[in-house]
Amino acid sequence: MGWKCSECGTRIEPATGAWLCTCGGVLDSDEAPVLRPESWAGRPATMWRYLEALPGLRGAAVSLGEPITPLVAMEVEGIRLLVKQEQLFSTGSYKDRGAAFMISRIGSLGIREVVEDSSGNAGCAVAAYSARAGIRCEVYVPASTSPGKLVQMEAYGATVRRIPGTREATAQAVREAARERFYASHTYNPWFIDGVKTVAYELAEQLSFRAPDWLVLPAGNGTLLLGCWKGFRELVEAGLLERMPRLVGVQAEACAPLVDAWMAGLAAPRAVATRPTAAEGIAIAAPARGAQMLRAVSESGGQFVAVTEQAISASQQVAGQAGFFVEPTAAVGLAGALKLARSGVIHGTVVTVFTGHGLKALGHG
Ligand SMILES: *Cc1c(COP(=O)(O)O)cnc(C)c1O
Ligand SMILES: [Zn+2]
């Protein structure tokens, strides 16, 4: 019941604090899920109804009451979509799924202090669940991060460390800190993706155990995309779904290493030039799990697609005028779904996700 390197298969014990294999490979959890829908329906409508598929928890989960989020129909230009309302979590983004499970597992190891690096929603979620668990939390952010985004982390009592220079300087600083304290990384810690995979179980239940034809997701580091992929794969392996949905990873054209790799037929992303984007939540130039993301999308029969800043802003407005207030990053999935539906590439049951609340990024985009 530990972690396993995705490259060389070496087993890693989580309590050691290792977050990457010595070979450089990212780690995955290797814990067999039990999926028993008969027991789900009678339980409270939170992500913990899937408890047996989230193995290894000793004691109570660290919870802020994670709701089963609504799946709401929306029609744009005659295109019908179903949108999962993941902006409705306590901290305002789906990152709560990952943080709730990851902090639960970290807490049950007896760890009382964690570090994380994120300037956005992951930092907020890790800070909130650490507060709930009584774990001390330090979040490393680039000094250029706009102060507004840090207010929420500080409200949860996290220590925010502003690091001068590039995003890479911040990554360097957190790695330094992670030598002595546990690195509760949304990107590297496999438990984060295990928490996120519950979104797939919910979708399966909400669609009466038929997979969507297409699942269109904003993609940066891939926690949402890989979480969905893992959850749906488990449902298919358990015989609860006949097939996977086709996965579409949507990136902002201004920062699109995965679209670049997809188009070039590469197995892993390469260095790309980037520009600033309103979709700050997925502005990841070098995604550590990029090779896994490319493999997941390819195996599902889906694709990666880029959307312009104009399309992101237009989608945010379309969402608002339909009654949904979401941050620019959270409109990226909708922008991608509309782009592919207009050109006839995707059809049938199309699901996308509103990943973050609009109040998160006032004054952006
Ligand atoms: C984290 C996040 C995403 C997806 O990002 P990944 O880096 O791919 O996990 C999408 N939207 C919002 C609002 C986010 O915070
Ligand atoms: Zn390895």
Side-chain angles (χ1 to χ4, degrees), residues 3-12 18-28 30 83-89 91-99 116-126 149 152 167 185-189 192-193 195-197 199 216-230 247-252 255-258 269 277-294 296-297 304 307 312 315-316 319 324-336 352-361 364-365:
W3 294 343
K4 207 170 141 185
C5 173
S6 63
E7 297 295 329
C8 73
T10 298
R11 297 200 157 274
I12 309 260
W19 49 273
L20 204 63
C21 181
T22 47
C23 83
V26 289
L27 309 180
D28 293 320
D30 190 22
V83 189
K84 189 98 169 115
Q85 307 291 311
E86 297 279 298
Q87 78 279 28
L88 298 182
F89 279 100
T91 78
S93 89
Y94 81 92
K95 297 278 195 319
D96 287 23
R97 291 184 190 276
E116 153 76 317
D117 57 327
S118 157
S119 55
N121 294 333
C124 291
V126 171
K149 295 197 291 181
Q152 189 179 359
R167 181 70 183 79
S185 167
H186 63 291
T187 305
Y188 293 102
N189 188 302
F192 195 93
I193 287 173
V196 173
K197 76 182 181 180
V199 70
V216 187
L217 306 164
N221 270 315
T223 66
L224 180 61
L225 186 129
L226 292 170
C228 286
W229 179 74
K230 183 169 190 181
L247 298 178
V248 177
V250 191
Q251 299 210 285
C255 185
L258 295 160
T277 168
E280 57 193 10
I282 52 165
I284 308 294
R289 294 187 183 273
Q292 292 185 314
M293 295 167 77
L294 288 160
V297 165
F304 283 94
V307 293
I312 295 169
S315 291
Q316 196 188 11
F324 304 100
F325 187 40
V326 298
E327 63 176 300
T329 311
V332 165
L334 176 59
T352 186
V353 177
F354 287 150
T355 45
H357 202 284
L359 292 172
K360 285 264 187 180
H364 290 257

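All ligand and atom numbering here is 1-based and tracks the order in the structure.
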Please classify the Lys360 to ligand 1 contact at 4.0 Å (heavy-atom distances, strictly less than): side chain, backbone, both or neither.
neither

Any N or O of Asn121 that comes nearer than 3.5 Å to an N or O of ligand 1?
yes

How far is atom 9 (O) of ligand 1 from the closest protein heavy atom, and which atom is that?
Thr223 OG1, 2.5 Å

Do any nitrogen or oxygen atoms of Thr355 lie less than 3.5 angstrom from nitrogen or oxygen atoms of ligand 1?
yes

Pick one of side chain, backbone, both or neither for how His186 approaches ligand 1, counting any non-hydrogen atom pair under 4.0 Å.
neither

Which one holds for Ala219 and ligand 1: side chain close, backbone close, both close, or neither close, with close meaning a heavy atom under 4.0 Å?
backbone

Between Lys95 and Glu86 (salt bridge meaning N to carboxylate O under 4.0 Å), is one present in this structure?
no

SG (Cys5) to the Zn ion (ligand 2) to SG (Cys21): angle, nearest 10 degrees?
110°

Does a salt bridge link Arg11 with Asp30, judged by any charged N lying under 4.0 Å from a carboxylate O?
yes

Can you give the angle Cys8 SG - the Zn ion (ligand 2) - Cys23 SG, rounded to 10°?
120°

Out of Leu20, Asn189, Ile12, which residue meets the side chain to side chain contact (heavy atoms under 4.5 Å, CB included) rule with Leu27?
Ile12

Looking at Ile282, which atoms of ligand 1 are within less than 4.0 Å of one of its heavy atoms?
3 (C), 4 (C), 5 (O), 10 (C)

Taking atom types as modelled, is there a side-chain donor on Thr91 or Asp96 under 3.5 Å from an acceptor on the other?
yes

Which of Gln87, Glu327, Glu280, Gln152 passes side-chain hydrogen bond (donor to acceptor under 3.5 Å, both in side chains) with Lys360? Answer is Gln152

